[in-house]
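These notes are about the structure you will find just below.
Every heavy atom of this structure was used, including side-chain atoms; hydrogens, water molecules and symmetry mates were not. In this chain, numbering begins with 1 at the start of the sequence shown. Every number for a ligand or one of its atoms is a count from 1 in the order of the listing.
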Amino acid sequence: MGKNLSIVTISLLFLLASTSAVQVFDVKSYGGQPNADITQALTKAWTAACAVAGSKVVISAGTYKLGGVSFLGPCKGAIEFNLQGTLEAPSDDASFKGKDFWVSFERIDSLTVSGSGIFDGKGQTAWQKNNCDKESDCKNLPINIRFDFITNSIVRDIQSKDSKFFHINLLGCKSLQIQHVTITAPGNSPNTDGIHIGRSSGITITDANIGTGDDCISIGDGSQDVTINQVTCGPGHGISVGSLGKYPNEQPVSGIRVIGGTLSGTTNGVRIKTWPSSPPGTASDMHFENVIMNNVANPILIDQGYCPNGQCSNKAPSKVKISNVSFKNIRGTSSTKEAVQLICSKSVPCQQVVVADVDLAFKGAGGSATSTCVNVMPTLSGKQNPPACTIKT
Ligand SMILES: *[C@@H]1O[C@H](CO)[C@@H](O)[C@H](O)[C@H]1NC(C)=O
């Protein structure tokens with residue numbers, strides 16, 4: 001009896017050890033010290049961790065310098081990147097030698113990025129070199145963190161600060177959850193989008209806290225099945241689908257849900273933007289629900305004549321077809337009279353647009369809030385403040 005029990009215990013322990021043991025790769029063991037450059041140490045720790053099944057790279061509290069670096073998969077098994085300290089990028093963008101990122105994670109399955117540590121992009125000097133408002137083909141400054149072709153993964157609790165360009169960029173990701181991340185940059189820092197999603201599916205962003213100089217979240221072409229829950233946004237340009245239609249061969253956008261959340265002092269609320277004179281494209285099944293607006297300019301906006309800084313040709317209307325869109329229970333205050341603007345394309349009018357329970361007050365001088373409808377006939381229900389389609393063309 002006793003012998004049997006011990007055999008059972010031993011095999012159970014063995015089973016536990018073989019299934020749940022995670023090997024830890026502390027950057028310290030690879031020579032990474034606070035206040036020093038840990039690019040090499042961290043690269044070595046990652047390479048070692050990636051080669052075993054079930055591993056965790058740890059960067060403990062402290063401030064570290066880190067040059068441009070790629071963490072590449074595929075790895076042997078699940079891998080965690082745990083950041084408790086602060087990583088600082090070189091402030092000089094020339095040291096990136098034209099690379100468009102500071103840190104990238106590429107081609108990894110079952111990745112967890114965790115810890116409440118900070119990716120500090122040190123963007124202050126690079127922002128002054130940003131000329132994207134003058135040249136549409138501007139030089140790309142480094143993105144703080146790129147996730148390229150990451151699947152079945154979680155990013156949680158990390159902080160991204162003062163990126164030189166976008167903070168977090170997803171490309172070709174599938175089944176990725178982003179939970180409770182904090183992203184900050186000054187309201188006047190150029191192109192510092194919080195999270196940009198492109199050509200990815202099954203993406204969930206929950207409880208993010210984002211304040212930057214551009215879109216808090218932007219959703220580019222080829223994004224499908226994206227859910228954004230309870231985002232706090234501001235300062236910034238709001239939550240945006242697009243811009244779409246700038247380039248040839250863009251892929252459809254569909255299945256976007258923005259649920260809950262609060263936007264404060266942003267230059268837009270929830271918006272869909274497409275360029276005029278665009279190639280054909282589609283954006284459908286986009287739903288915005290239960291969002292609070294505090295002093296937001298343009299809280300609800302479809303803009304199919306998007307043309308920042310005059311960088312477009314206005315010769316033809318946008319050919320990106322927008323359909324099955326709803327704005328439901330969007331409440332709060334607008335900082336401009338233009339609380340609701342649905343400006344759709346003359347060549348492909350918006351279809352199946354629902355506006356329900358909208359209550360957006362404008363408290364400034366010069367009359368009450370307005371709602372503009374162009375090339376769209378929305379289905380209305382519930383409260384309509386401003387009265388729907390007060391301005392039609
Ligand atoms: C509209 O979008 C919703 C949510 O994505 C989807 O379930 C529904 O089937 C779509 N309706 C049509 C008519 O395509």
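No side-chain donor from either of Asn35 and Gln33 sits under 3.5 Å from a side-chain acceptor of the other. Between Glu80 and Ser114, the side chains place a donor N or O and an acceptor N or O closer than 3.5 Å (distance only, hydrogens not considered).
Of the inter-residue distances, the one linking Met293 atom CE with Ser335 atom OG reads 11.0 Å to the nearest 0.5 angstrom.
For atom 13 (C) of ligand 1, the closest heavy atom belonging to the protein is Gln352 NE2, 3.2 Å. Distance from atom 1 (C) of ligand 1 to its nearest protein heavy atom, with residue and atom name: Asn324 ND2, 1.4 Å. Of the protein's non-hydrogen atoms, His287 NE2, 3.3 Å is the one closest to atom 4 (C) of ligand 1. Of the protein's heavy atoms, Asp285 CB, 3.4 Å lies nearest to atom 5 (O) of ligand 1.
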Task: Lys122/Asp162 under salt bridge (Lys or Arg N to Asp or Glu O under 4.0 Å): CA gap, chis, key distance, verdict - done: CA-CA 6 Å; Lys122 296 273 168 195; Asp162 293 345; over 6 Å; no
- [ ] Could you go through the salt bridge (Lys or Arg N to Asp or Glu O under 4.0 Å) check for Lys383 and Asp359 one step at a time?
- [x] CA-CA 7 Å; Lys383 182 147 186 153; Asp359 192 357; 3.6 Å; yes
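Within a 4.0 Å radius of atom 9 (O) of ligand 1, the protein contributes no heavy atom.
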